[in-house]
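Chain naming here is simple, since letters A, B, ... match the order of the sequence lines and numbering starts at 1 in each.
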Amino acid sequence: MKKFAGVALTMVMGLGVLAGCGSNGNSASTTSEGASASDKPEAKVVTISVRENTWGARKDNFLEAEKRLNEELAPDNVQVKLDWWPGIDDDELVLQAQAGKVADIFINSSVDIGWERDAGLIRDIDWVKDSKVFKNVPASYTNIMSYDGHYYGAIQDMDASPVFISRKALEGLGWTKEQIDGLRARVDSGDFTFHDLVNLADEAKKKSLVKIGFAVEDTRFEGWNYAFDFNNYDAEQNKLELTQKAKDVYAFWADAKKRGVIAENIGDVDTDMAAPMFVKGEIFAEFARTEFYQMMREANGMKDKVDEYNNWFNDNVVWIPVPSAQKGGKPVSYSNPAMIFVGAKVDDEKMTYVQRLIEHVLDPDLQINHTIASGKLPVTPEAQEDPRFKEMSFYKDHAYLVEFTKTRPALPDYATFTKGYTMGVEAILTKGKSAEEAFDIFEKEVKQNVPADRVEIQK
Amino acid sequence: MKTEMNLEINLELNETKTYKKPLRKAIYPYLFIAPFSLLVLVFFILPAIATVGMAFTDLNASMKPHFVGLTNFKRIFSDYNLPQILGNTAVFAVLSLGISLLFALVISIATQYFLKGKMLAVVYRILWLIPSIIPSVVYVTFWKFIFDPTEGGLINKFLLNMGIISDPVSWFTKGAMAIVILATIISTISGGMILLSSAINSIPEDLYKAARVDGASEKSVIMKIILPTLKWPLMYITISDLIGFVSSYFFIMLLTQGGPMRDTTTLSLYAFQQAFNLKYYGYGAAVSLIVVFISFVLTMLLIRMFDFNQMIKPSRIED
Amino acid sequence: MTTSTLKKALAHTYMTLLTLPIIAMIVWYFLAATMNFTTGEFSLDNFSFFTEPVEYSGIKLPLIWPIVLNTIVYSLMIVAIEVGISVPTAYAFSRLDFKGKGAALKFLFLMRSFPGITLIIATFFILVKMGLVNTYLGVMLVATTGSLPGLVYIMKGFFDEVPWDIEWAAMVDGTTRFGAFKKVLVPYVLSGIGAISVFAFLGAYGEWFLFKLLIFNDDMLTLAGYLAKLVTKENQIVNYGLITAIGLFYTLPVVVFYIFTQKMFMKVNMGGAKQS
């Protein structure tokens with residue numbers, strides 16, 4: 001036994017080492033310390049700590065921004081140095097702040113502004129008002145950058161929420177190429193409604209063209225709320241809002257469940273499972289974000305064959321924004337954008353360097369690098385002018401959604417509010433409850449768990 | 001803390017006794033337990049007091065606590081989910097404990113009595129140990145794969161191929177609690193198994209031989225010789241596993257996140273969600289104090305049931 | 001004779017049936033780590049963590065070997081501390097009489113009613129005040145406090161089994177109590193120390209939660225904390241292949257470790273001496 005175990009262990013370890021050796025050739029050294037040595041007097045070094053995961057091109061962009069800033073600062077004999085810290089969860093963020101460890105710059109969601117400000121993690125960055133980088137950014141973005149009269153976050157990237165529809169399924173329903181290609185225009189004009197989409201999915205499922213009607217990324221059900229004009233949030237009063245319109249959304253859920261358009265495990269099928277299924281033509285409509293485009297490329301095994309993939313995409317997929325439930329209504333898109341925050345300990349003197357670093361991160365070409373790596377959309381009009389962006393028709397075509405893209409409110413209790421909403425959804429899906437009962441559950445949850453001064457419950 | 005106070009009392013008492021223990025002798029038992037007591041004081045008693053204090057505040061992500069009196073507790077007891085959550089906790093803890101104890105017993109008796117000394121017996125025990133040493137994040141991936149709600153899941157694939165079902169079954173919405181209990185049991189059995197096996201191992205072979213000479217059946221060997229030996233290990237496992245189950249949340253969080261709805265939300269998962277997901281630390285502390293209270297009462301009950309005092313009664317003689 | 005063979009065969013059958021799911025589990029872990037389920041191809045890509053830092057969905061973790069070293073150092077230090085503290089404590093509880101002993105023993109049991117998670121925030125603040133946050137010492141002290149009650153009880157079981165005569169003999173010979181403790185008892189309960197060392201080691205090896213909250217630097221992590229880092233935000237597991245591959249790397253040494261130490265486990269006997 002012992003011998004056998006020993007042999008097994010060595011074998012596994014050995015295999016691993018062998019496997020690792022094969023891919024060992026790409027460890028290019030990036031240390032360039034000798035370059036900074038010069039004959040000038042000691043340069044003033046400003047160390048800026050940045051906390052973020054290497055996701056997309058975020059880290060590369062900060063490193064490139066550091067280089068560009070240092071070129072600018074060379075005449076002043078100042079040098080900025082980045083200290084890169086890995087990203088962490090919010091609970092660790094809160095605790096580490098108590099131990100005095102807060103990065104000078106870190107990235108988090110726009111919804112986190114509220115509690116981060118309250119916890120003293122971040123400081124105001126009112127310079128964005130006058131910054132030329134943000135001058136042309138649409139108001140819908142700058143709105144979410146401010147909270148309680150000050151700017152606290154600099155928007156880093158943006159998202160849109162297309163619905164990916166199986167072209168083959170539509171063809172199976174007898175749609176012509178012209179009809180399919182004209183679908184998006186009909187959604188934009190409000191001619192094609194959300195209910196039409198439900199009916200199509202139902203039909204496709206009944207004809208066994210697909211196995212699943214609707215699928216959603218994780219549990220981001222918000223798009224459907226917006227389609228029914230249930231907006232969660234009253235910006236003027238800065239309060240969450242529970243309106244009777246939620247009942248309409250629940251009515252859709254109950255109906256779609258009954259007709260089999262939505263399966264009861266809709267929340268359990270993650271996008272990494274959904275992407276291969278969509279590629280196989282098993283899903284009629286996937287409600288996801290632009291990143292899903294990227295995931296399908298990988299599921300297709302065309303990670304490096306962009307042209308081939310684009311051909312496949314055009315032959316198999318058509319995307320539309322989420323149609324409005326109202327005839328003639330505007331379509332919907334939603335996003336959960338990332339923001340760059342500045343730690344509370346950064347003083348005004350250091351802030352000048354922090355500001356210039358952040359502005360460089362938003363250089364148009366760097367934003368597009370990030371788009372290519374992550375599937376997120378750039379945030380400034382200047383970046384949308386980048387020729388590489390214009391070439392990527394999928395992303396470029398999304399640019400217009402940005403004007404009406406909705407974002408989550410920056411209220412700490414939004415998570416609790418949404419949990420209540422999801423309880424109602426799960427009641428319909430797994431317990432066969434009616435729309436009214438689901439609404440009652442939602443209301444009960446909100447009344448009990450969301451502080452009364454943060455929410456308005458409409459009768 | 002208690003022991004240090006007792007130290008002084010003890011010294012005083014010793015002064016008045018007719019038979020005087022030398023001072024050094026009265027102190028040294030405390031020297032033995034001093035490092036331990038110090039650790040317990042600083043990293044258990046102090047945080048426990050602080051946590052009790054926290055439960056009376058509205059501490060949240062802003063880390064500026066305000067005293068709110070009994071508000072948190074009032075909120076818990078008026079929470080309409082509380083009966084369901086308590087019910088879930090009871091179902092989860094009792095079923096997990098009962099089944100895993102039974103399995104631990106069966107495996108221990110099988111490997112240490114029926115197959116004693118056999119190489120395969122060791123192999124069985126090692127195999128059973130594996131689920132408990134696999135890191136939980138890795139362990140749950142297996143269950144997620146088995147009960148995957150799509151056609152890719154093992155059970156769904158099997159049933160589909162057999163033609164028993166035509167659409168994949170959504171296991172995690174249909175039988176979430178059963179999955180959670182199953183996963184928990186399989187990873188906890190080995191803890192009890194080790195203690196029970198070693199206890200059975202300590203029974204002298206002569207006892208069995210004598211029993212066989214007397215013509216005792218296997219059943220009476222198990223009932224009259226093996227089971228009585230297992231009283232203390234069984235008590236220890238019962239208490240520590242029960243408390244473990246009452247306060248465990250991690251598997252549930254990774255497997256179902258307490259869903260669907262609150263069907264698999266236990267009280268401690270609820271406390272964790274309140275404190276760490278929603279950042280209501282004060283309220284979370286209050287909920288977890290209820291968990292502590294329940295475990296506390298259970299422990300006291302079990303200690304009484306098993307006649308704990310006899311187990312810890314002073315050793316036979318002392319200087 | 002035949003009936004006993006029959007019984008053994010029966011026991012084997014039942015045990016094999018019972019163990020089948022676990023064998024299936026083990027097979028699956030190997031498959032998940034080495035197969036690409038979508039294409040059905042065998043690949044060792046997931047094992048490239050042996051030579052490169054792990055990076056996926058934006059999480060970049062340091063190379064695994066320094067982490068392995070951390071794990072070994074941390075686990076051995078925990079073993080030293082926990083054995084060093086629990087042996088004298090268990091001795092006192094087993095052999096010495098002092099006021100408050102019964103209460104203290106009960107208290108040990110009741111300590112378990114406080115799940116570690118309950119106290120973690122308060123503990124964090126205490127560590128901040130002591131300047132021990134983000135240090136191994138801080139983690140070790142907290143971890144030790146948590147696992148001591150169990151170890152003390154196990155160790156007490158071993159002391160309880162030592163016949164009094166041996167200790168008496170030593171004392172009659174004129175050695176002091178400390179001397180008796182050292183010369184006579186310790187060698188006798190070496191197997192007990194072995195057992196609690198194994199328990200302490202396994203506990204330390206599996207510790208991840210304290211590392212997640214109390215250690216800020218990724219290069220100070222141990223293997224268990226390293227694995228926990230791979231579960232991304234919102235507690236989602238993203239990369240199954242990578243997690244199972246690293247999980248195997250993590251688990252195999254423990255299995256081997258257990259194979260070599262399982263005899264020690266078999267000597268654990270709680271309150272056994274009170275049976276007679």
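Atom OG of B:S136 sits about 11.5 Å away from atom CZ of C:F209, to the nearest 0.5 Å. The line from CD1 of B:I126 to OH of C:Y258 is 6.5 Å long, rounded to the nearest 0.5 Å. Distance check: B:M54 CE to C:L119 CG gives 9.5 Å after rounding to the nearest 0.5 Å. A distance of 7.5 Å separates CG of C:L202 from CG of B:L129, quoted to the nearest 0.5 Å. The NZ atom of C:K106 sits 12.0 Å away from atom OG1 of B:T299, with the distance rounded to the nearest 0.5 Å. Note that CZ of B:F32 and CZ of C:F93 are 12.5 Å apart. Values are rounded to the nearest 0.5 Å.
Residue C:L213 touches chain B through its side chain alone, counting heavy-atom pairs closer than 4.5 Å. Contacts of B:Y281 with chain C are made by side-chain atoms alone, with heavy-atom separations under 4.5 Å and no backbone atom involved. Using a 4.5 Å cut-off between heavy atoms, C:Y14 makes no contact with chain B at all. Heavy-atom distances place the side chain of C:F125, and not its backbone, under 4.5 Å from chain B. Only the side chain of C:L108 comes within less than 4.5 Å of a heavy atom in chain B; its backbone stays farther off. Looking at C:I126, the atoms closer than 4.5 Å to chain B (heavy atoms on both sides) all sit in the side chain, from C-beta outward. Contacts of C:M111 with chain B are made by both backbone and side-chain atoms, with heavy-atom separations under 4.5 Å. Within the 4.5 angstrom heavy-atom criterion, no atom of B:S268 approaches chain C. With a 4.5 angstrom heavy-atom cutoff, C:L227 touches chain B via backbone and side-chain atoms both. Neither the backbone nor the side chain of B:A271 comes within contact range of chain C, judged by heavy atoms closer than 4.5 Å.
Minimum interatomic distance between B:T51 and C:A122 (heavy atoms only, all atoms of both residues): OG1-CB, 3.6 Å. Nearest heavy atom pair, residue C:M25 against residue B:I186, reads CE-CG2, 4.5 Å.
In this structure the side chain of B:I146 never reaches within 4.5 angstrom of the side chain of C:W28, judged on heavy atoms. Residues B:I130 and C:V255 have side chains in contact (heavy-atom distance under 4.5 Å, counting atoms from C-beta outward).
The choice from C:L223, C:I85, C:I22, C:T251 that makes the most heavy-atom pairs within less than 4.5 Å of chain B is C:I22. Most heavy-atom pairs under 4.5 Å with chain C: of the set B:I194, B:V42, B:L242, B:V291, this distinction falls to B:I194. Counting heavy-atom pairs closer than 4.5 Å to chain C, the top-ranked of the candidates B:L46, B:L120, B:L289, B:I294 is B:L120. Among C:L10, C:T123, C:I23, the residue with the largest count of heavy-atom pairs under 4.5 Å with chain B is C:T123. When B:W128, B:F296, B:F114 are compared by the number of non-hydrogen pairs under 4.5 Å with chain C, B:W128 comes out ahead. Chosen from C:I120, C:T16, C:V152, the residue pairing most often with chain B at heavy-atom distances under 4.5 Å is C:T16.
Between B:Y30 and C:F98, the angle of the ring planes goes over 60°, which puts this pair in the perpendicular group of the 30/60° scheme. Relative orientation of the B:Y124 and C:H12 rings is tilted, given thresholds of 30° and 60° on the angle between their planes.
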Mind running side-chain contact (heavy atoms from CB on, under 4.5 Å) on B:F142 and C:I26 for me, showing each step along the way?
CA-CA 9 Å; B:F142 172 72; C:I26 296 164; over 6 Å; no

Could you give me the CA-CA distance, side-chain angles and deciding distance for B:I134 and C:Y250, then say whether side-chain contact (heavy atoms from CB on, under 4.5 Å) is met?
CA-CA 8 Å; B:I134 289 175; C:Y250 167 101; over 6 Å; no

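Shown here is B:Y249, whose OH atom has more than 12 heavy atoms of other residues, nucleotides or ligands within 6.0 Å. Heavy atoms from other residues, nucleotides or ligands lying under 6.0 Å from CE of B:M63 number more than 12.
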Give the table of side-chain donor-acceptor pairs shorter than 3.5 Å for residues 142-150 of chain C, with sequence neighbours excluded, one pair per line with atom names and distance.
from   : atom 1 : to     : atom 2 : distance (Å)
C:T144 : OG1    : C:M140 : O      : 2.5
C:T145 : OG1    : C:L141 : O      : 2.7
C:S147 : OG     : C:E82  : OE1    : 3.3
C:S147 : OG     : C:E82  : OE2    : 2.6
C:S147 : OG     : C:A143 : O      : 3.2

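In this structure, C:Y153 has its ring center no closer than 6.0 Å to that of B:W232.
By the side chain to side chain donor-acceptor pair (under 3.5 Å) test, B:Y113 pairs with B:E218, sequence neighbours left out.
The backbone N or O of B:Y139 lies less than 3.5 Å from a partner atom in the side chain of C:Y29, making a donor-acceptor pair.
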